[in-house]
Colleague: 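Next up is a structure, given as structure tokens.
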Amino acid sequence: MLTLSDIRAKRNEIEAALAKRMLEVGNTLDNILELDEQRRQTQAKLDDTLAESNRLSKSIGQLFKEGKRDEAEALKAQTSGLKERTQELREEQSTLEGSLEQLLFSLPNAPHELVPAGKSDADNEEVNRYGELPQLGEGALPHWELCQQYNLIDFDLGAKVTGAGFPFYTGKGARLQRALIQFFLDEANDAGYTEFIPPFLVNEASGIGTGQLPDKEGQMYHMPADDLYLIPTAEVPLTNIYRDVILKEDELPKKLCGYTPCFRREAGSYGKDVRGLNRLHQFDKVEIVQVVHPERSQAVLDEMVAHVVSLLKKLELPFRTLRLCGGDLGFAAGITYDMEVYSAGQDRWLEVSSISNFMTFQANRLKCRYKGKDGKTQLVHTLNGSALALPRIVAAILENNQDAEGIRIPEVLHRYTGFDAIH
RNA sequence: GGAGAGAUGGCAGAGUGGUCGAUUGCGGUGGUCUUGAAAACCAUUGAGGGUAACACCUCCGGGGGUUCGAAUCCCUCUCUCUCCGCCA
């Protein structure tokens, strides 16, 4: 969430930045400032009352020590009323803090200056494009038909055993999946990211830390018996490693990566968007995460984009890079680049990676800070990106590399798959 | 699942009702000494709120209670460890 100190110091800039999300937050900001003012006044009154009762208590203790019981009893009488007043002020304070927190939780991150204004994906800015769009011959198929034809992925079986959106990968389909995971992890390791295998279930505090809760409650699978959530991305467990942590400045940056399955309820999705591998309830992804010095975060964002670009090039997939407009930006993100690959069998661009700089938004919730050389603690910046999400990569590989003979596997994967084509 | 023990500052570990935000050791930082380093010695070293700066307030796993006063007593939750059971 946005920090109170930023809202106090830069109210107008924040209002203008959030306007790029097509949000009108002037009133909310004023309410926050008003509540904050009240909070501080109440706190001051409470502090005075507590100071008074601390003083009396100390005197009473001293008198008892000196054996002056009568004087002590007399002082005790003076403390009556202080307790009630403390209680009242505490309640008032916690009400104010509750309202304040609710308002702060309701505000998404303020978009970075590079982010264009806009209300939907139609307003996203294409910043880069790479590769030739493949020209497929007659009879080219979408991946879900290729999956069936070559026995790679069984969607019906998944629907039978679990439900729609939970496919079975079989034979070379499963092998290809494992090869891609291995390839992505090796690449991330080469780029200096430390590999983790995190838990796939997280608690509520972690969901709040990275911003999935309370805003997107319905998007995660919840296990009520244990009050745990299935992770929608490795970002949640990986970033929460640094919840309530104060790092030394020279420990930055922290670079981590991890492969996990990801679980998403995807309530409200429908139609051709969810066909085949396009949108699943369970899918595999390798995620990269960085925790960095605030001054470095934009450079690191570029570095992470470059990493993903190199993966797509090695996989020989045509892609484009989009800078998301305000309206398409995720709740916690300050700036996001989406990478889309072209999938020829469907003639569609498919999002395979989303790389974001959250600036202090997550750090503020996580209470992740670093201690500078000057001894001051400041919030870090956090970033993450998919590197990469598997299903749509698989879709594009299958569709783009098909011909009458079968499906060609990109060369870089051969050492992982053990085969160079699917017939 | 059953029984027991525990949770204190970066770590270790004191503290069982009254200047305790907390003894001490290690670690960190700065300094003295040294050609340099080590050792030794000295000083310093938690977080948050609040203030122009002080003052002041809060925090000893979370929440609640008793008391003039709680790290210390009571209730409750969470987590950790040990033993038993079950089990990949």
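Throughout, protein chains are lettered first and strands after them, A, B, ... in sequence-line order, and every chain is numbered starting at 1. Below, all heavy atoms of this structure are taken into account, side chains as well, without hydrogens, waters or symmetry copies.
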Colleague: Check whether the side chains of A:D186 and A:Y416 place a donor and an acceptor atom closer than 3.5 Å, and report yes or no.
Modeller: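 Yes - a donor-acceptor pair under 3.5 Å links their side chains.
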Colleague: Using a heavy-atom cut-off of under 4.0 Å over every strand shown, decide if A:L56 touches base, sugar-phosphate, or nothing.
Modeller: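 Nothing, no heavy atom under 4.0 Å.
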Colleague: Does the side chain of A:I241 reach to within under 4.5 Å of the side chain of A:F196, using non-hydrogen atoms?
Modeller: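 Yes, at least one pair of side-chain atoms sits under 4.5 Å.
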Colleague: To check you understand the geometry: which heavy-atom pair defines the closest contact between A:E287 and A:V289, and what is its length?
Modeller: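 A:E287 and A:V289 have their closest heavy atoms at CG-CG2, 4.1 Å.
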Colleague: What nucleic acid atoms does A:R90 come within less than 4.0 Å of, heavy atoms only: base, sugar-phosphate, or nothing?
Modeller: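 Nothing, no nucleic acid heavy atom in range.
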Colleague: For A:S57, which contact category applies under a 4.0 Å heavy-atom criterion: base, sugar-phosphate, or nothing?
Modeller: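 Here A:S57 touches the bases of the nucleic acid.
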Colleague: Applying a 4.0 Å non-hydrogen cut-off, can you work out what A:S59 is touching in the nucleic acid: base, sugar-phosphate, or nothing?
Modeller: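 It contacts nothing in the nucleic acid.
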Colleague: Does B:A40 have a Watson-Crick or wobble partner in any strand here, with both distances under 3.5 angstrom, and which is it?
Modeller: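 Here B:A40 is engaged in a pair, and the nucleotide opposite it is B:U32.
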Colleague: Could you go step by step and tell me if A:E340 and A:R392 meet the salt bridge (Lys or Arg N to Asp or Glu O under 4.0 Å) rule?
Modeller: CA-CA 9 Å; A:E340 297 186 339; A:R392 296 174 189 162; over 6 Å; no
Colleague: Checking base pairs now: Watson-Crick or wobble, both atom distances under 3.5 Å. What partners B:A5?
Modeller: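 Checking every strand shown, B:A5 finds its partner in B:U80, with both distances under 3.5 Å.
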Colleague: Applying a 3.5 Å limit to both distances, which nucleotide forms a Watson-Crick or G-U wobble pair with B:A55?
Modeller: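 Base-paired to nothing in any strand shown.
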Colleague: Looking at every strand, decide which applies to A:R55 at a 4.0 Å heavy-atom threshold: base, sugar-phosphate, or nothing.
Modeller: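 No contact at all - A:R55 keeps every heavy atom at 4.0 Å or more from the nucleic acid.
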Colleague: Please work out which of the three classes, parallel, tilted or perpendicular, describes the rings of A:Y193 and A:H307, given edges at 30° and 60°.
Modeller: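 Aromatic pair A:H307/A:Y193 classed tilted.
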Colleague: If I pick the C1' atom on B:U72 and the same atom on B:G21, what distance separates them, to the nearest angstrom?
Modeller: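 It comes out at 15 Å once rounded to the nearest Å.
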Colleague: Quote, to the nearest angstrom, the P distance that separates B:G27 from B:A12.
Modeller: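 Pairwise P distance, B:G27 against B:A12, rounds to 15 Å.
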Colleague: Please state the P separation for the pair B:U76 and B:C86 - nearest whole angstrom.
Modeller: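 About 30 Å, rounded to a whole number of Å.
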Colleague: With both distances under 3.5 angstrom, what nucleotide forms a Watson-Crick or G-U wobble pair with B:C11?
Modeller: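 Paired with B:C11, as far as the under-3.5 Å criterion goes, is B:G25.
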Colleague: Is A:N54 touching bases, backbone alone, or none of the nucleic acid, heavy atoms closer than 4.0 Å?
Modeller: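 Sugar-phosphate, backbone atoms only, no base.
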Colleague: Taking atom P in both B:U24 and B:U78, what distance in whole Å separates the two?
Modeller: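 So the two P atoms sit 37 Å from each other.
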Colleague: Scan every strand shown for a Watson-Crick or G-U wobble partner of B:C86, both distances under 3.5 Å, and answer none if you come up empty.
Modeller: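 Base-paired to nothing in any strand shown.
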Colleague: Is A:K83 touching bases, backbone alone, or none of the nucleic acid, heavy atoms closer than 4.0 Å?
Modeller: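 Base contact - A:K83 has a heavy atom under 4.0 Å of at least one base atom.
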Colleague: Can you check the distance between B:A3 and B:G15, where both ends of the measurement are the P atom (answer in whole Å)?
Modeller: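 Between the two P atoms, the distance is 29 Å.
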Colleague: Taking the P atom in each of B:U8 and B:C56, what is the distance between them to the nearest angstrom?
Modeller: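 Approximately 29 Å lies between the P atom of B:U8 and that of B:C56.
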Colleague: What does A:A51 touch in the nucleic acid at a heavy-atom separation under 4.0 angstrom: a base, only the sugar-phosphate, or nothing?
Modeller: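 Since only primed, P, OP1 and OP2 atoms lie under 4.0 Å of A:A51, the category is sugar-phosphate.
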Colleague: When rounded to the nearest Å, what value does the distance between P atoms of B:G64 and B:C54 take?
Modeller: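 Rounded to whole Å, the distance is 31 Å.
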Colleague: Compare every heavy atom of A:I407 with every heavy atom of A:I397, then report the nearest pair and how far apart it is.
Modeller: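 Of all heavy-atom pairs spanning A:I397 and A:I407, the closest is O-CG2, 4.2 Å.
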Colleague: Toward the 5' end of RNA chain B, which comes first, A:R40 or A:G61, by nearest nucleotide?
Modeller: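 Residue closer to the 5' terminus by nearest nucleotide: A:G61.
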Colleague: Name the residue closer to the 5' end of RNA chain B, choosing between A:I60 and A:L46 according to the nucleotide with the nearest heavy atom.
Modeller: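 Final value for this comparison: A:L46.
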Colleague: Students often get this wrong, so: under 4.0 angstrom with heavy atoms, is A:K45 touching a base, only sugar-phosphate, or nothing?
Modeller: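 Touches nothing.
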Colleague: Going by the angle between their ring planes, with limits at 30° and 60°, are A:Y370 and A:H293 parallel, tilted or perpendicular?
Modeller: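 Judged by the thresholds at 30° and 60°, the geometry between A:Y370 and A:H293 is tilted.
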Colleague: Could you list where the contact with chain A starts and ends along RNA chain B, reading 5' to 3', using a 4.0 Å heavy-atom cut-off?
Modeller: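 Nucleotide range in contact with chain A: B:G18 to B:G69.
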Colleague: Is there a Watson-Crick or G-U wobble partner for B:U19 with both distances under 3.5 Å, and if so, which one is it?
Modeller: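 Its partner is none (no Watson-Crick or G-U wobble pair with both distances under 3.5 Å).
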Colleague: Could you check whether any side-chain N or O of A:T162 sits under 3.5 Å from a backbone N or O of A:A159, counting only pairs where one atom can act as donor and the other as acceptor?
Modeller: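 Answer holds: no.
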Colleague: Against the six-membered ring of A:Y259, is A:K285 placed for a cation-pi contact (under 6.0 Å from the centre, within 45° of the normal)?
Modeller: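 Cation-pi check for A:K285 and A:Y259: fails.
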Colleague: With rounding to the closest Å, how many angstrom separate the P atoms on B:C60 and B:C33?
Modeller: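 My reading of the P atoms in B:C60 and B:C33 gives 44 Å.
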Colleague: Taking any strand in view, what nucleotide pairs with B:A71 in a Watson-Crick or G-U wobble way, both distances under 3.5 Å?
Modeller: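 Because no pair has both required distances under 3.5 Å, B:A71 counts as unpaired.
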